[in-house]
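For reference, the structure discussed in these notes is given below.
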Amino acid sequence: MKLLSLNTHSWVQTQDPSAYAALIADIIESDYDAIALQEVNQLSVNEAVIQPLGYVATQADIPIKENNFAYFLVKALAEKNVHYNWSWVPCHLGYDIYDEGVAVLCKQPIQSVQHIQLSNENDFTSILTRFAMVVETATETLVSIHLSWWKNEGENPFLQEWNRLEEGLSKQMESECPIFILGDVNNPADVRGEGYDFIINSNWFDAYQAAEVKSGSATVPPAIDGWADNEVPLRIDYVFSNHDYEVEKYEIKFDGDNLPLVSDHYGVAVIYK
């Protein structure tokens, strides 16, 4: 099974669709079974799309609009005869102009979708508002997340968000169905006693640690949005599973060396045996 996770930071650094040519080409070449995306943006003022190609809705408050980034990818891939089903949930207003959310694209038919509120906040104008996107197929559950930092102004929003995520996935966890959680967790792997350790100690398995072959590790360079004071590359984007599945390969993509940059984050590509 081939998976890709990418915080797209879409349309923020460029409005040029051609800037994402490397991403589209890699999806076609790598033939991912599923893709989890975060910071999937659409201009709030754009017109709504009626019946977007391949879309399965999990909410009706904010419709898909013309330049929704996940929809842009789905259409670009369909033009190359590569077809994905997908769903998206808006989380909050980004940069005062975007509906920002998380999405899952998958090759298999989607059997069900749900979104899980992770934050106390449910104010679309607050960047503290967080949701998870959950897609179920016939064979697995796919989850896209964009979580908060371990500490934020004396609070610990991360713990609350992760606990709510597990509560929201309790039905899937009881069924022993394979669950893959992908996304931007905003907690570095090398910081002991914080978010990463909490996840691992909660019996989730990191694809990087399990991989027979590793190509790269860090998923962001120094000093990006949200990490302005950081001076070293960090691994804050992950692919976790609920069982210790064998991982053939873990690979960092779109880092400027292995494929051009397409975001302020790099992509995480994982092949499960």
Check whether more than 12 heavy atoms from other residues, nucleotides or ligands sit under 6.0 Å from atom NZ of K214, and answer yes or no.
-> yes

For atom CD of E246, is the number of surrounding heavy atoms from other residues, nucleotides or ligands below 6.0 Å larger than 12?
-> no

Hydrophobic cluster membership, with links at side-chain heavy-atom distances under 4.5 Å among I/L/V/M/F/W/Y: are [X] and [Y] in one?
X	Y	answer
L105	V143	no
I97	F69	yes
L93	F131	no
M1	I28	no
I181	I199	yes

Are the side chain of [X] and the backbone of [Y] linked by a donor-acceptor contact shorter than 3.5 Å?
X	Y	result
N258	K253	no
T58	H115	yes
K75	L53	no
N85	Q108	yes
S263	N7	yes
Q59	I62	yes
N41	H9	no

Residue pair [X] / [Y], side-chain heavy-atom distance below 4.5 Å:
X	Y	result
P157	L128	no
V268	I252	yes
N67	N46	yes
L37	L73	yes
N186	F158	no
F198	W162	yes
V102	I145	no
I27	L77	yes

Under 6.0 Å between ring centres, would you say that holds for [X] and [Y]?
X	Y	answer
F124	H92	no
W11	Y20	yes
Y208	Y250	yes

Measure the spacing between [atom1] of [X] and [atom2] of [Y] and express it to the nearest 0.5 Å.
X	Y	atom1	atom2	value
S119	I127	OG	CD1	11.5 Å
L169	E174	CG	CD	11.0 Å
I271	L4	CD1	CG	11.0 Å
L159	E155	CG	CD	11.5 Å
S10	N68	OG	CG	8.0 Å
Q111	T139	CD	OG1	8.5 Å

In sequence, state the C-alpha distance, the side-chain angles, and the governing distance for Y266 and L261, and then conclude on side chain to side chain contact (heavy atoms under 4.5 Å, CB included).
-> CA-CA 7 Å; Y266 310 146; L261 294 165; 3.6 Å; yes

Between [Y] and [X], is there a side-chain donor-acceptor contact under 3.5 Å, judged purely by atom types and distance?
X	Y	answer
S148	E161	yes
E194	N187	no
Y32	D26	yes
R164	N120	yes
E140	Q172	no
S18	D16	yes
S202	E166	no
N81	H83	yes
E100	Q42	no
D123	T129	no
Q38	T8	no

Give the ring-plane orientation class for Y196 versus F240, where under 30° counts as parallel, over 60° as perpendicular and anything between as tilted.
-> tilted

Could you check whether the rings of Y245 and Y272 sit parallel, tilted or perpendicular, using 30° and 60° as the cut-offs?
-> perpendicular

Which heavy atom in [X] sits nearest to a heavy atom in [Y], and how many Å separate them?
X	Y	value
L182	A36	CB-CB, 3.5 Å
P63	W88	O-CZ3, 4.3 Å
P52	I64	CG-CB, 3.8 Å
R235	S217	CD-O, 3.2 Å
C177	N242	O-ND2, 3.0 Å
M133	S87	CE-OG, 3.5 Å

Criterion salt bridge (Lys or Arg N to Asp or Glu O under 4.0 Å) on E121 and R130, from CA distance to verdict = CA-CA 8 Å; E121 290 275 0; R130 307 273 179 171; over 6 Å; no

Residues T219, H265; criterion side chain to side chain donor-acceptor pair (under 3.5 Å); working and verdict = CA-CA 6 Å; T219 64; H265 286 241; 5.0 Å; no

Let me see the working for L43 and K65 under side chain to side chain contact (heavy atoms under 4.5 Å, CB included), right down to the final yes or no.
-> CA-CA 7 Å; L43 280 170; K65 296 174 184 172; over 6 Å; no

Side chain to side chain contact (heavy atoms under 4.5 Å, CB included), paired with L142, selected from V134, L3, I179, I35 = L3

Could you give me the CA-CA distance, side-chain angles and deciding distance for D237 and V220, then say whether side chain to side chain contact (heavy atoms under 4.5 Å, CB included) is met?
-> CA-CA 8 Å; D237 302 80; V220 294; 4.0 Å; yes

Carefully, step by step, assess C106 and D33 under the rule side chain to side chain contact (heavy atoms under 4.5 Å, CB included).
-> CA-CA 6 Å; C106 62; D33 295 287; over 6 Å; no

Mind running salt bridge (Lys or Arg N to Asp or Glu O under 4.0 Å) on K2 and D31 for me, showing each step along the way?
-> CA-CA 7 Å; K2 296 180 180 180; D31 192 27; 5.6 Å; no

